[in-house]
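Below is one structure; the comments refer to it alone.
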Protein chains: 2
Amino acid sequence: MNPTMENCGFAAALKAIEGKWKVDILCELGRAARRFGRLRQSIPAISEKMLAQQLRELEADGLVDRTVYAEQPAKVVYSLTERGAALNVAAAALCRWGEAARRDAVRPPTAAADPVVA
Amino acid sequence: MNPTMENCGFAAALKAIEGKWKVDILCELGRAARRFGRLRQSIPAISEKMLAQQLRELEADGLVDRTVYAEQPAKVVYSLTERGAALNVAAAALCRWGEAARRDAVRPPTAAADPVVA
DNA sequence: CAGTATCCCTGTAGATACTG
DNA sequence: CAGTATCTACAGGGATACTG
């Protein structure tokens with residue numbers, strides 16, 4: 001990303017999930033494999049263009065698998081790869097941090113705050 | 001972030017580190033507290049404007065402390081808050097994921113890849 | 001030293017229309 | 001159904017100059 005971050009795998013991870021909708025997509029596919037149309041419904045605000053685009057990138061990064069069924073009309077199913085699933089797992093720690101931060105925001109540090117992570 | 005992500009603390013975490021230079025800054029401050037000028041040197045490509053701006057946001061999010069010393073010339077020291085330090089810790093899992101992903105990219109999954117996270 | 005103010009440029013994403 | 005194509009808008013960020 002930047003010279004200072006070259007050595008850090010975090011940059012790579014961040015790069016993979018940058019993009020306005022990737023986390024949503026990853027999150028949704030984390031629940032189950034989904035068809036294109038179903039993803040659109042799950043993420044109402046996204047446009048077809050953006051969904052397609054973000055899916056291409058996730059696929060290129062090896063986070064998502066794209067399976068085409070030769071049917072009429074067309075049927076395409078997206079699912080998480082091993083790597084994509086692992087990303088979701090790795091993200092859990094940050095997720096907990098975010099929730100803790102949210103609680104702190106509501107109830108600001110009473111005196112000297114306890115470490116957010118136990 | 002988006003309707004679908006409302007319930008996830010991950011969105012909050014991501015929001016806090018979005019911005020082209022925040023990870024660099026967090027990373028640098030993770031090593032030690034730093035003055036404005038020192039941060040600039042550590043992150044050569046960043047402009048004064050961006051450094052100031054990103055620091056303001058990190059401060060507003062409670063990740064960074066700003067300490068002003070009444071000296072001449074001015075002296076300002078930035079350091080991680082507890083919360084900021086906790087974020088760095090929480091990010092470690094993603095960091096490991098990124099490194100694993102990088103290795104996989106170099107040596108693609110031989111047969112059926114082992115789970116990236118042990 | 002530690003910033004602010006300004007102007008400009010680019011990329012990212014939204015809207016819309018069309019296709020295999 | 002599952003996309004692509006095009007055109008536009010806007011915000012994030014870069015360069016530069018100035019200030020307490």
Side-chain angles (χ1 to χ4, degrees), chain A residues 1-5 11 14-29 32-61 63-80, chain B residues 1-5 11 14-29 32-61 63-80:
Chain A
M1 188 174 268
N2 299 313
T4 19
M5 281 190 64
L14 224 46
K15 198 157 188 288
I17 55 178
E18 264 175 9
K20 199 172 182 181
W21 307 99
K22 287 190 185 171
V23 175
D24 298 80
I25 295 171
L26 255 11
C27 199
E28 187 62 22
L29 293 182
R34 299 267 189 251
R35 299 179 57 173
F36 188 88
R38 176 64 191 277
L39 279 173
R40 279 217 65 185
Q41 293 168 16
S42 306
I43 313 171
I46 199 174
S47 66
E48 290 181 350
K49 172 193 154 189
M50 285 312 297
L51 180 54
Q53 184 179 302
Q54 305 270 293
L55 282 170
R56 292 298 104 69
E57 293 178 19
L58 289 170
E59 204 190 342
D61 288 337
L63 304 185
V64 164
D65 269 332
R66 181 172 183 271
T67 311
V68 182
Y69 295 87
E71 297 180 5
Q72 199 55 304
K75 176 180 174 181
V76 179
V77 172
Y78 293 92
S79 57
L80 289 186
Chain B
M1 190 172 269
N2 299 315
T4 19
M5 282 191 63
L14 225 45
K15 197 158 188 288
I17 55 178
E18 264 174 10
K20 198 172 181 182
W21 307 98
K22 288 189 184 171
V23 175
D24 298 82
I25 296 171
L26 255 11
C27 198
E28 188 61 22
L29 293 182
R34 298 267 190 251
R35 300 178 58 175
F36 187 88
R38 176 61 192 277
L39 280 173
R40 280 216 64 185
Q41 292 168 17
S42 305
I43 313 170
I46 198 173
S47 66
E48 291 181 348
K49 172 191 154 190
M50 285 313 296
L51 180 53
Q53 184 180 302
Q54 306 268 295
L55 283 170
R56 293 298 104 68
E57 293 178 16
L58 289 170
E59 204 190 341
D61 288 337
L63 303 185
V64 163
D65 269 332
R66 181 173 182 271
T67 310
V68 182
Y69 295 87
E71 296 179 7
Q72 197 57 306
K75 176 180 173 181
V76 180
V77 173
Y78 294 92
S79 57
L80 288 186

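Just so it is clear: chains get the letters A, B, ... in the order the sequence lines come, proteins before strands, and each one is counted from 1.
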Atom pairs under 3.5 Å, N or O on each side, protein against nucleotides 5-10 of chain D: can you list them with distances?
none

With [X], which residues qualify under side-chain hydrogen bond (donor to acceptor under 3.5 Å, both in side chains), at least two apart?
X       : value
A/Arg35 : none
B/Glu57 : B/Lys22
B/Arg38 : none

Minimum heavy-atom distance between [X] and [Y], given as atom pair plus value:
X       : Y       : value
B/Leu39 : B/Leu51 : CB-CD2, 3.9 Å
A/Val64 : A/Tyr78 : CG1-CD2, 3.8 Å
B/Glu28 : B/Ser42 : OE2-OG, 3.1 Å
A/Ile25 : A/Leu55 : CG2-CD2, 3.9 Å

Between [atom2] of [N] and [atom1] of [X], the distance in whole Å:
X       : N      : atom1 : atom2 : value
A/Phe36 : D/dA2  : CZ    : C1'   : 6 Å
A/Arg34 : D/dC1  : CZ    : P     : 16 Å
A/Glu18 : C/dG11 : CD    : P     : 15 Å
A/Asp24 : C/dA13 : CG    : C1'   : 14 Å
B/Tyr78 : C/dA2  : OH    : C1'   : 8 Å
A/Arg40 : D/dT4  : CZ    : C1'   : 14 Å
B/Ile46 : D/dG12 : CD1   : P     : 15 Å
A/Ile25 : D/dG3  : CD1   : C1'   : 14 Å

B/Val76 side chain, from C-beta outward: closest of D/dG3, C/dA2, D/dC1: C/dA2
Out of D/dA2, D/dG14, C/dG14, whichever nucleotide has its closest atom nearest the side chain of B/Lys20: D/dG14
Residue-phosphate contact under 4.0 Å: A/Arg35 side-chain N/O, D/dA2 OP1/OP2: yes
Sugar-phosphate only, base, or nothing, as touched by A/Arg38 at under 4.0 Å among non-hydrogen atoms: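 Counting heavy atoms under 4.0 Å across all strands, no contact is made by A/Arg38.
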Touch class at under 4.0 angstrom, heavy-atom based, for A/Arg66 against every strand present: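 Sugar-phosphate contact only.
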With [X] via side-chain contact (heavy atoms from CB on, under 4.5 Å) - residues at least two apart:
X       : value
A/Ala74 : none
B/Ser79 : B/Ala33, B/Asp65
B/Gln72 : none

Residue pairs fulfilling salt bridge (charged side-chain N to carboxylate O under 4.0 Å, His left out) with at least one residue in residues 44-54 of chain B, sequence neighbours excluded: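 Residue pairs passing salt bridge (charged side-chain N to carboxylate O under 4.0 Å, His left out), neighbours aside: B/Arg40-B/Glu48.
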Atom pairs under 3.5 Å: protein N/O with N/O of nucleotides 17-20 of chain D:
none

Dot-bracket encoding of pairs in DNA chain C, which uses [ ] for pseudoknotted crossings and | for another strand, Watson-Crick or G-U under 3.5 angstrom: ||||||||||||||||||||
Salt bridge (Lys or Arg N to Asp or Glu O under 4.0 Å) against A/Arg66, all qualifying residues, sequence neighbours excluded: none
4.5 Å side-chain heavy-atom contact, B/Val76 and B/Tyr69: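 Of all side-chain heavy-atom pairs linking B/Tyr69 with B/Val76, none is under 4.5 Å.
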Approximate separation, where rounding is to 0.5 Å, of B/Lys20 NZ and B/Ile43 CD1: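 Taking NZ in B/Lys20 and CD1 in B/Ile43, the distance rounds to 12.5 Å.
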Contacting residues from residues 50-59 of chain A, given that a heavy atom lies under 4.0 angstrom of DNA chain C: A/Met50, A/Gln54
